[in-house]
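Here's the structure, in structure tokens; my notes come after.
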There are 2 protein chains.
Amino acid sequence: MADPLSRVFSALADPTRRDIVARLAVGDATVNELAAPYDVTVQAVSKHLKVLEDAGLVSRSREAQRRPVHLEAEVFDLMTTWIERYRRRAEERYRRLDDVLRSMPDVSAPPPQEGNPS
Amino acid sequence: MADPLSRVFSALADPTRRDIVARLAVGDATVNELAAPYDVTVQAVSKHLKVLEDAGLVSRSREAQRRPVHLEAEVFDLMTTWIERYRRRAEERYRRLDDVLRSMPDVSAPPPQEGNPS
DNA sequence: TCCTTGTTCAACCGAAAGGTTGAGGAAGGA
DNA sequence: TCCTTCCTCAACCTTTCGGTTGAACAAGGA
């Protein structure tokens, strides 16, 4: 899976990885510390971290034997930019439809008040 | 995969599905219309739409034989809320560390590592 | 009624994801 | 030097994912 956006979304699609991100938002941590709360092996958590690292969400440094993991906030922008773009369009489109409906001569049909278009 | 957040992130982890969302931001479309640009079968696109629907990103109505697909913008909030929360925390933490570094008398020794609750 | 169009369901396939165990590398400390 | 700690790599297993083909269902139109 080459593209960065897919990697980020995919990385955050796993609840354990989101949990790890949440934990790292508090402060840097080592793999062992991160693995403690879960009943999976340290190797599994190490794999999760690799996924997060490949997505650019996390970086690892070296400090004696330890490899402290650090959360990188910049990549989040990639997602929010994408999301905002299409959400804005969808909402504009919805608003426009709403306007059209509102400006229509009332045809005995119920008015488009509190619109749920499903 | 039960939780809604995982479903949404997972749904958008696929480039074809993001493409479909982009297409739907312009306006509603049928499965056949959505499938046209890709060289996969209509069934494959139908599956993609099911994933998007299960994530709440899309809804399908009925209109004669056609099933027009509609983009639902609300679910995006689920993601942005999550993302913003941890990005903000990460940035605060970064800013705080920055302040600490800036306010430190320049010692030649390595700085006291920032709050790591181990 | 039968046919055509649009869509979904079911079964299958290969590749990738997420987990395991076991071994190995890197960096101190005794 | 040898030992211990922390971490990653490699091989394997099972489940899920994205795709296929083939059949079926739903709703007009002839």
(request) Within residues 34-41 of chain B, find the residues that approach DNA chain D with a heavy atom at under 4.0 Å, and present them sorted by residue number. (result) B:Asp39, B:Val40, B:Thr41
(message) Rounded to whole Å, please give me the gap between NZ in A:Lys47 and C1' in D:dC13.
(response) 11 Å
Validation: residues 12-19 of chain B side-chain donor-acceptor distances under 3.5 Å, sequence neighbours left out:
unit_1  : atom_1 : unit_2  : atom_2 : d
B:Asp14 : OD1    : B:Thr16 : N      : 2.8
B:Asp14 : OD1    : B:Arg17 : N      : 3.1
B:Arg17 : NE     : B:Ala11 : O      : 2.7
B:Arg17 : NH1    : B:His48 : ND1    : 3.1
B:Arg17 : NH2    : B:Ser10 : O      : 3.3
B:Arg18 : NH1    : A:Ser6  : OG     : 3.1
B:Arg18 : NH1    : B:Leu12 : O      : 2.8
B:Arg18 : NH2    : A:Asp3  : OD2    : 2.6
B:Arg18 : NH2    : A:Ser6  : OG     : 3.0
B:Asp19 : OD2    : B:Tyr38 : OH     : 2.8

(message) Looking at every non-hydrogen atom in both residues, tell me the closest pair between B:Leu78 and B:Pro4 and how far apart they are.
(response) CD2-CB, 3.8 Å
(request) Determine which pairs satisfy salt bridge (Lys or Arg N to Asp or Glu O under 4.0 Å) with at least one residue from residues 26-42 of chain B, sequence neighbours left out, and list them in order. (result) A:Arg93-B:Asp28
(request) With sequence neighbours excluded, give me every salt bridge (Lys or Arg N to Asp or Glu O under 4.0 Å) pair touching residues 41-51 of chain B. (result) B:Lys50-B:Asp54
Using atom names, set out every protein N or O paired with an N or O of nucleotides 6-9 of chain C below 3.5 Å, distance rounded to 0.1 Å.
unit_1 : atom_1 : unit_2  : atom_2 : d
C:dT7  : OP1    : B:Arg67 : N      : 3.3
C:dT7  : OP2    : B:Asn32 : N      : 3.0
C:dT7  : OP2    : B:Asn32 : ND2    : 2.6
C:dT8  : OP1    : B:Arg60 : NH1    : 2.4
C:dT8  : OP2    : B:Ser46 : OG     : 2.7
C:dT8  : OP2    : B:Arg60 : NH1    : 3.3

(message) Go nucleotide by nucleotide along DNA chain C from the 5' end; which of A:Arg62 and A:Arg17 gets its closest nucleotide reached first?
(response) A:Arg17
(message) Could you work out, with side-chain contact (heavy atoms from CB on, under 4.5 Å) as the rule, every residue matching A:Glu72, not counting sequence neighbours?
(response) A:Ser59, A:His70, A:Glu74
(message) Holding to side-chain contact (heavy atoms from CB on, under 4.5 Å), I want the full list of residues that pass it with B:Thr80, two or more places apart in sequence or in another chain.
(response) A:Ile83, A:Glu84, A:Arg87, B:Asp77
(message) Going by side-chain contact (heavy atoms from CB on, under 4.5 Å), name the residues that satisfy it together with B:Ala44, two or more places apart in sequence or in a different chain.
(response) B:Val40, B:Thr41
(message) The criterion is side-chain contact (heavy atoms from CB on, under 4.5 Å); which residues satisfy it with B:Arg67, sequence neighbours excluded?
(response) B:Arg60, B:Arg62
